[in-house]
Amino acid sequence: MKVNTTEISEATNRRGKFCGSCHNGKIAFRPNGNCDKCHTGDIGSGRDNYSLFSKAPFPRTEFGNGIDWVEALRRKLISPANHLKSKPQDIPFDKTLMLEAEMAMISPAIFPHKAHTEWLDCNSCHPDIFNIKKKTTKHFSMSYILRGDFCGTCHLNVAFPMNDCKRCHP
Amino acid sequence: MKKLLFIILLIVSLAGLCFAQGGVKKKRPKPHEYGKVTLNNYATKVGIAPVEFDHWTHRGKFTCRLCHVDIGFSMKTGETQIKAADNMRGYFCGTCHNDKMSFEGRRVFAACSKEFTKGDVKRCERCHAAAPNPTKETDFYKFAERLPKERFGNGIDWEKAEETGLIKPVDFLEGVSIKRAPMAAQKDFYIGSKIEGMPDIIFSHKKHTVWNGCELCHPEIFVGVKKGATKYSMIELFDRKYCGVCHDTVAFPQIDCQRCHTKPL
């Protein structure tokens, strides 16, 4: 989950790994003749596609993509595929945690497992990012979160950004 | 003086901030790299490239028990302290890699020799590779192609491969293994999970004894042959103890929670 550490190459893609797991001509477009679709050199090259996509009646937020993905999933407006070949067994872990804030006057953060397990697998976060035993994750504080550790792994660049304080600290 | 102390403390605390290791997702080893062990107690000291041992090349052919119990390899990197002399005497790698043993219709190449010609160097480099070998990578994917798939680790479901007979690991070597009376396979049992909401674990002895016999785990990894005698939790497991000795290093890694936590709630 860190940029430029996967080591994707054309060979691995053509072999059916990483991008090539879907981009093989069967599930999504294949590499041959489509190089320029991805290798554009312009990080904002998806803007036209995005404006078209976002016109769909998604629930909105003010931040990030402007789309409330969690609500969109709940309302079944999107149904992202959960597996490619074999279905992993589901562990329906639903615990909601209350994380006390370090500073006075800030309401505790409410962490719902359910909203996360709808998108992720247990191993996406455990045990690398968060320890499995309560209150044993070292250095788990806002300063680390804001610089990209812990929650910041996703909630700084892909999931709703942390400008949206009220979504965790209601 | 006080100002200097303050500056030093500030630098140290900032340095601590930079090196905090929690909270980041580890990079997963590639399927062909999972289970790789670097053997380098003496190699670089004598000026030869260290050995990069890939477990996958041997797993399909031999059981864990044969190498780690009969031949005596340690299960911790750097502990066995293999020397070329050991290999030449017929111990460790040299048990099979001695140019005399025949396996699958071919002679197993000799590991380490006292005298060697320029042409022999290629043989040394089969293990003492200075740079990663791209042929080995392609060999892996060719090998893995016909085997049942799994999510993590090598991406191979070794258990299923053995069950369906796609691989037939050898458990006995003439002149190396001693035949003992087999002990009855123990029944499957539940291991309770400590967190409410996490399914209990179903532990199958049968699935493990196929590869390990009894001696590999008992009594060194699991002291209690009596159920409940050894107390441990997931924290120790993630720290490469108990189940974590194998499951995170060679067998399927523990990030595959659903493979063990399978008892229906």
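Computed over heavy atoms, backbone and side chain alike; hydrogens, waters and symmetry mates excluded.
The two residues A:Ile91 and B:Gly197 have their closest heavy-atom pair at CG2-O, 4.3 Å. Scanning both residues, A:Phe93 and B:Glu196, for their nearest heavy atoms gives CE1-O, 3.6 Å. Residues B:Val24 and A:Ile129 come closest through the heavy atom pair C-CG1, 4.0 Å.
Only the side chain of B:Glu137 comes within contact range of chain A, with heavy atoms under 4.5 Å apart. When heavy atoms are compared at a cutoff of 4.5 Å, B:Ser233 does not approach chain A at all. Neither the backbone nor the side chain of A:Thr137 comes within less than 4.5 Å of any heavy atom of chain B. Contacts of B:Pro31 with chain A are made by side-chain atoms alone, with heavy-atom separations under 4.5 Å and no backbone atom involved. For chain A, no part of B:Arg259 is nearby; none of its heavy atoms comes within less than 4.5 Å. Only the side chain of B:Lys30 comes within less than 4.5 Å of a heavy atom of chain A; its backbone N, CA, C and O stay farther away.
A:Asn123 has its side chain within reach of B:Arg28: a pair of non-hydrogen atoms, C-beta onward, lies under 4.5 Å apart.
How far NZ of B:Lys25 is from OG1 of A:Thr5: 11.0 Å, rounded to the nearest 0.5 Å. Here CE of B:Met234 is found 11.5 Å from NE2 of A:His126. Values are rounded to the nearest 0.5 Å. If you take CZ on B:Phe238 and CG on A:Asn131, they are separated by 8.0 Å, rounding to the nearest 0.5 Å. With values rounded to the nearest 0.5 angstrom, B:Lys149 atom NZ is found 13.5 Å from A:Leu84 atom CG.
Contact check on B:Lys27 versus A:Glu7 returns a salt bridge, with a Lys/Arg side-chain nitrogen under 4.0 Å from an Asp/Glu carboxylate oxygen.
Counting heavy atoms of neighbouring residues, nucleotides and ligands inside a 6.0 Å radius, atom CD of A:Glu10 does not exceed 12 of them. Counting heavy-atom neighbours within 6.0 Å of A:Phe18 CZ, excluding the residue itself, gives a total above 12. Residue A:Arg30 qualifies as open at atom CZ: its count of foreign heavy atoms under 6.0 Å is 12 or below. In B:Arg146, the CZ atom is crowded: over 12 heavy atoms of neighbouring residues, nucleotides or ligands sit closer than 6.0 Å. Heavy-atom neighbours of A:His39 NE2 from other residues, nucleotides or ligands within 6.0 Å: at or below the threshold of 12. In the displayed structure, A:Arg74 atom CZ is contacted under 6.0 Å by more than 12 heavy atoms of other residues, nucleotides or ligands. Other residues, nucleotides and ligands contribute over 12 non-hydrogen atoms within 6.0 Å of the CD atom of A:Glu102. Counted within 6.0 Å of CD on A:Glu62, heavy atoms from surrounding residues, nucleotides or ligands total 12 or fewer; the atom is thus considered open.
Counting heavy-atom pairs under 4.5 Å between each of A:Lys17, A:Lys138, A:Lys95 and chain B puts A:Lys95 at the top. In terms of heavy-atom pairs under 4.5 Å with chain B, the best-connected choice from A:Gly152, A:Cys122, A:Pro127 is A:Pro127. Interface check for chain B: of the options A:Asp94, A:Thr12, A:Ile132, the most heavy-atom pairs under 4.5 Å are formed by A:Ile132.
B:Gln258 and A:Asp121 share a donor-acceptor pair across their side chains, judged by distance under 3.5 Å alone.
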